[in-house]
Amino acid sequence: MELTDLFSDLNKTGQNLLNEINEQKPLILQLTNEVTMNDSASITLNWGALPVMSSGKEDAAEMVESAAALLINIGTLNDHKLEVMLNAGRRANQLGIPVILDPVGAGATDYRIKSVNILLDQLDFAVIKGNQSEIDILAGVDSEIRGVESMAAGDNYKDSARKLAESHSAITVVTGPEDYIADSDRAISLAGGDEMLGAVVGTGCMLGSSLAVFAAVSDHEPDLFKRVVAAVHLYNVAGEKAGRIKYSPTAFKTEFLDSIYHKSSNPDS
């Protein structure tokens with residue numbers, strides 16, 4: 001599918017979504033990992049939404065009642081966190097709140113893949129976002145992953161993404177040199193971004209937070225697939241702008257977050 005088949009004006013759609021985010025300031029509950037928690041909170045705030053994190057079973061399921069979207073990121077998983085994720089996810093499903101899954105490192109250990117399959121069996125996810133190896137493994141395809149890094153080659157991930165989207169009635173986002181987005185009957189590749197996105201810890205996690213932000217607002221664009229495509233597009237545009245200004249990982253990260261802040265503060269620019 002071509003972008004022109006989805007959007008008459010992708011940039012205008014992005015501007016309208018950013019205006020809606022700024023007007024509504026949706027609360028995004030994130031059950032995420034300690035490595036990138038601050039970055040996930042920062043990018044959520046820079047988009048114009050409100051971040052809140054939790055790791056306690058005593059308050060996550062209650063907190064989600066105030067949220068407009070829930071992100072589940074398994075980057076630093078244990079049994080306690082899995083229980084918290086299941087409790088909050090079930091409550092979000094009951095309330096119709098979109099739940100986004102970031103299966104960080106799925107397949108790197110038996111524990112991670114077993115835990116992700118429990119989440120997939122017991123919860124309904126609106127969006128599943130992962131790298132090529134993570135998506136292959138969740139789709140039941142052999143793939144190599146080292147820690148949280150994809151070692152996959154070729155384009156098997158496209159079949160895996162469509163298979164995963166169909167089996168779980170979710171939108172699948174595969175990150176890589178070219179991002180790939182699929183639901184049960186549509187799929188699109190998005191080129192863009194900057195290679196420095198792969199040199200900064202946490203950019204994958206920050207994309208998961210970004211998808212949760214765009215999943216949280218639906219007045220302007222009810223089609224979640226289009227909102228996800230717009231989010232990935234704007235994320236890549238911010239990466240391209242940062243890459244033109246600074247070209248070292250630390251400086252790039254600062255420019256990247258600032259680029260998102262300036263765009264969301266003035267969507268019509």
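Along the sequence shown, the residues carry numbers beginning at 1.
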Listed once per pair and sorted, the salt bridge (charged side-chain N to carboxylate O under 4.0 Å, His left out) pairs that draw on residues 118-129, sequence neighbours left out = Asp102-Lys129

request  = Could you check Phe256 against Tyr235 for ring pair (Phe, Tyr, Trp, His ring centres under 6.0 Å), going step by step and ending with a plain yes or no?
outcome  = CA-CA 9 Å; Phe256 176 63; Tyr235 195 89; 5.0 Å; yes

task = Say whether Lys114 and Thr109, considering side chains only, have a donor N or O and an acceptor N or O under 3.5 Å apart.
result = no

inquiry  = Looking at Glu255 and Lys241, is any side-chain nitrogen of the basic one under 4.0 Å from a carboxylate oxygen of the acidic one?
reply    = no

inquiry  = Tell me whether Gln24 at atom CD has more than 12 heavy atoms from other residues, nucleotides or ligands lying less than 6.0 Å away.
reply    = yes

task = Any chance you could pull the hydrophobic cluster mates of Val201, using side-chain heavy atoms under 4.5 angstrom and chaining through other members?
result = Val35

query = How about Val127 and Val99: do any of their side-chain heavy atoms sit closer than 4.5 Å?
reply = no

ask   = Run the side-chain contact (heavy atoms from CB on, under 4.5 Å) check on Gln30 and Asn73 step by step: do they pass?
value = CA-CA 8 Å; Gln30 301 178 57; Asn73 175 316; over 6 Å; no

ask   = If we ignore angles and hydrogens, is there a donor and acceptor under 3.5 Å between the side chains of Ser54 and Asp59?
value = yes

ask   = Is Glu221 reaching over with its side chain to a backbone N or O of Thr13, donor-acceptor style, under 3.5 angstrom?
value = no

ask   = Looking at Gly89 and Leu123, what are the two nearest heavy atoms and their distance?
value = C-CD2, 3.5 Å

Closest non-hydrogen atom pair, Ser209 against Ile43 = CB-CG2, 3.9 Å

key: Nearest heavy-atom neighbours spanning Pro26 and Ile21   = CD-O, 3.5 Å

Backbone N/O of Ile128 and side chain of Thr172: donor-acceptor pair under 3.5 Å = no

request  = Kindly state whether the ring of Phe214 and the ring of Trp47 have centres lying under 6.0 angstrom apart.
outcome  = yes

task = Could you tell me which residues satisfy ring-ring contact (aromatic ring centres under 6.0 Å, His included) with Phe125, sequence neighbours excluded, listed by chain and number?
result = none

ask   = Taking all non-hydrogen atoms of both residues, which atom of Thr44 and which atom of Leu50 are closest, and how far apart?
value = CG2-C, 4.0 Å

request  = For the pair Glu134 (side chain) and Gly105 (backbone), establish whether a donor and an acceptor sit closer than 3.5 Å, ignoring hydrogens and angles.
outcome  = yes

message = Would you say that more than 12 heavy atoms from the other residues, nucleotides or ligands in this model lie under 6.0 Å from the CG of Asp9, or not?
response = yes

ask   = If we only count heavy atoms from C-beta on, is the Asp159 to Asp136 side-chain gap below 4.5 Å?
value = no

query = Do you know the tightest heavy-atom contact between Asn236 and Ala191?
reply = ND2-O, 4.2 Å

task = Determine whether more than 12 heavy atoms belonging to other residues, nucleotides or ligands lie under 6.0 Å from atom CD of Glu2.
result = no

inquiry  = Do Pro98 and Leu70 have side chains that approach each other closer than 4.5 Å (heavy atoms only, starting at C-beta)?
reply    = no

remark   = One should read off an interatomic distance between Arg162 CZ and Ile135 CD1, to the nearest 0.5 angstrom, of 13.0 Å

ask   = Where the side chain of Arg112 meets the backbone of Gly75, is there a donor-acceptor pair that is under 3.5 Å apart?
value = yes

inquiry  = Determine whether a donor-acceptor pair (N or O, by modelled atom type, separation under 3.5 Å) exists between the side chain of Arg227 and the backbone of Val217.
reply    = yes

query = Between the side chain of His233 and the main-chain N/O of Gly192, is any donor-acceptor distance below 3.5 Å?
reply = no

task = For Phe7, look at atom CZ and say whether over 12 heavy atoms of other residues, nucleotides or ligands are found less than 6.0 Å away.
result = yes

